[in-house]
Asks: 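Questions regarding the structure given below will be posed in turn.
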Amino acid sequence: MNIPTTNPIMNAIVLMMIMVVVVVDAAGDSNNGFHPCLDTKIQRSDGFTFGIVFNSKESFSLNNNNSLQLSPCDSRLDLKNKNSRVAVFRPKVDEISLLTINTSSFDPNSFGGYMVAFAGRKYAARSVPVFVADGNHIVTSFTLVLEFQKGTLQNLFWKNDKCDSCKGMPNFVCIQNRYCAIKKTSCKSSGQGKVDCSLGIQLAFSGTDKHLSALNSWYEVEKLRQYSLYKLYSNLRGSLTDQFNKFF
């Protein structure tokens, strides 16, 4: 995917990129906005580009003030000079997608341990910072919901079950009473474990597109939460099926 860089903010995002993943067929895609800091209006079957940036929790707030969080597209954060990394995705609107970030050579803890999902500039939307990793633990499963109104992104929500899914599992630790984290010693990347600790992000949509058609994939995710995310996507990450058979 060729991402145009027409201003300093967009250039900075590109410089921090660790990956770009396109999971939508160009056929039927009427959305020409390919940079996460562009404002777009979408319809069902379009692709939608958004980013996930990794840094410390405080870095996403102006002057490290947690009460005033800014979008990563806001130059006042100056993330390019704060040891940040960005992953960019372009999923198909209103389809459930499983997005993955390979952590075999990328340790989120080395870049602050938190991540924020974002898109748009004038109509900037961003999630709250969510914990990913520290020196001893890493969270490998997330659910992200993109909420639109009349085709414009309004918000991005991280959903979690407050550790209900990992109760009684010895290799997991409940972080901050909400995140199921696995011990890094269990990960292949540590040289000691057998688990693929790549990040998996289940993505869904809610709200309405620019034609006021309802986006319903989030409601489908709610219905499917009784089943294993990794079992549903076993063709993509079959090695994880047995390890996390009842994760969701």
Side-chain angles (χ1 to χ4, degrees), residues 19-25 28-31 33 36 40-53 71-72 86-101 114-120 123-132 139-166 178-180 198-237 240-241 244-248:
M19 63 185 298
V20 180
V21 177
V22 180
V23 293
V24 61
D25 191 336
D29 184 356
S30 66
N31 180 8
T40 61
K41 279 185 175 288
I42 55 89
Q43 63 184 11
R44 296 183 69 179
S45 81
D46 276 351
F48 180 74
T49 302
F50 75 99
I52 293 177
V53 61
S71 165
V86 175
V88 175
F89 299 95
R90 189 175 175 84
K92 188 173 182 178
V93 171
D94 209 28
E95 284 195 355
I96 301 172
S97 302
L98 177 65
L99 312 176
T100 60
I101 298 176
Y114 280 77
M115 65 180 176
V116 163
F118 68 96
Y123 300 101
R126 76 286 182 274
S127 72
V128 298
V130 64
F131 174 84
V132 182
V139 181
T140 58
S141 284
F142 301 87
T143 299
L144 179 64
V145 181
L146 277 59
E147 180 187 38
F148 290 81
Q149 289 185 10
K150 298 180 180 179
T152 299
L153 183 66
Q154 301 295 311
N155 217 329
L156 304 97
F157 299 99
W158 297 106
K159 300 287 187 177
N160 65 72
D161 62 5
K162 298 182 179 179
C163 296
D164 288 343
S165 59
C166 57
R178 68 174 62 180
Y179 307 116
C180 288
S198 295
L199 307 185
I201 302 170
Q202 188 179 26
L203 182 73
F205 294 79
S206 69
T208 56
D209 73 359
K210 64 183 180 182
H211 303 301
L212 299 183
S213 297
L215 306 177
N216 296 315
S217 58
W218 165 238
Y219 302 105
E220 297 301 317
V221 170
E222 283 283 76
K223 294 177 184 177
L224 294 172
R225 287 178 73 86
Q226 61 182 305
Y227 304 107
S228 167
L229 168 62
Y230 294 104
K231 184 175 292 184
L232 295 172
Y233 290 92
S234 58
N235 61 320
L236 296 178
R237 298 181 68 189
L240 289 180
T241 302
F244 301 103
N245 189 40
K246 296 296 182 181
F247 200 83
F248 281 88

Asks: Going from CZ on R44 to NZ on K92, what distance comes out if it is rounded to the nearest 0.5 angstrom?
Replies: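 Reported value, rounded in 0.5 Å steps: 9.5 Å.
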Asks: Can you give me the closest heavy-atom contact between I52 and F118, atom names plus distance?
Replies: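 In this case the closest contact between I52 and F118 is N-CE2, 3.8 Å.
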Asks: With no hydrogens and no angle check, is any side-chain donor or acceptor of D94 less than 3.5 Å from a backbone partner on N216?
Replies: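 Yes; at least one donor-acceptor contact below 3.5 Å.
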Asks: If I compare all heavy atoms of K41 with all of D46, which pair ends up nearest, and what's the gap?
Replies: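 Distance-wise, the nearest heavy atoms are O-OD2, 4.3 Å.
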Asks: Between F48 and F205, does the ring centroid distance fall short of 6.0 Å?
Replies: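 They do not qualify: ring centres at least 6.0 Å apart.
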Asks: Residues in side-chain contact (heavy atoms from CB on, under 4.5 Å) with Q154, at least two apart?
Replies: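 Result, side-chain contact (heavy atoms from CB on, under 4.5 Å) vs Q154: E147, Q149, T152.
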Asks: Is a side-chain N or O of N160 found less than 3.5 angstrom from the main chain of Y179, in a donor-acceptor match?
Replies: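 The answer is no, because no donor-acceptor pair under 3.5 Å joins these two groups.
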Asks: Distance from D29 atom CG to S45 atom OG, nearest 0.5 Å?
Replies: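 It is 7.0 Å, given to the nearest 0.5 Å.
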Asks: Rounded to the nearest 0.5 Å, how far apart are OG1 of T208 and CG of L215?
Replies: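 So the OG1 of T208 and the CG of L215 are separated by 6.5 Å.
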Asks: Mind checking the OG1-CG spacing from T40 to N31? Nearest 0.5 Å is all I need.
Replies: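 If I round to the nearest 0.5 Å, the distance is 4.0 Å.
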Asks: Measure SG to SG for C163 and C180 and state whether it is below 2.5 Å.
Replies: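 No disulfide here.
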Asks: CG of L144 to CZ of F157: how many Å apart, nearest 0.5 Å?
Replies: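 Between L144 CG and F157 CZ, I get 10.0 Å after rounding to 0.5 Å.
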Asks: What residues, two or more places apart in sequence or in another chain, satisfy side-chain contact (heavy atoms from CB on, under 4.5 Å) together with S127?
Replies: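 For S127 the side-chain contact (heavy atoms from CB on, under 4.5 Å) partners, ignoring immediate neighbours, are V116, A117, L156, W158.
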Asks: For A119 and T49, which heavy atoms make the closest approach, and how far apart are they?
Replies: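 In terms of heavy atoms, the two residues are closest at CB-O, 3.9 Å.
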Asks: Working to the nearest 0.5 Å, report the span between NZ of K162 and CZ of R178.
Replies: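 It is 7.0 Å, given to the nearest 0.5 Å.
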Asks: So, do I96 and Q202 sit near enough that their side-chain heavy atoms are less than 4.5 Å apart?
Replies: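 Yes, side chains in contact.
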Asks: Please check this pair: side chain of D209 against backbone of I42, looking for a donor-acceptor N/O pair closer than 3.5 Å.
Replies: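 Judged by distance alone, no pair lies under 3.5 Å.
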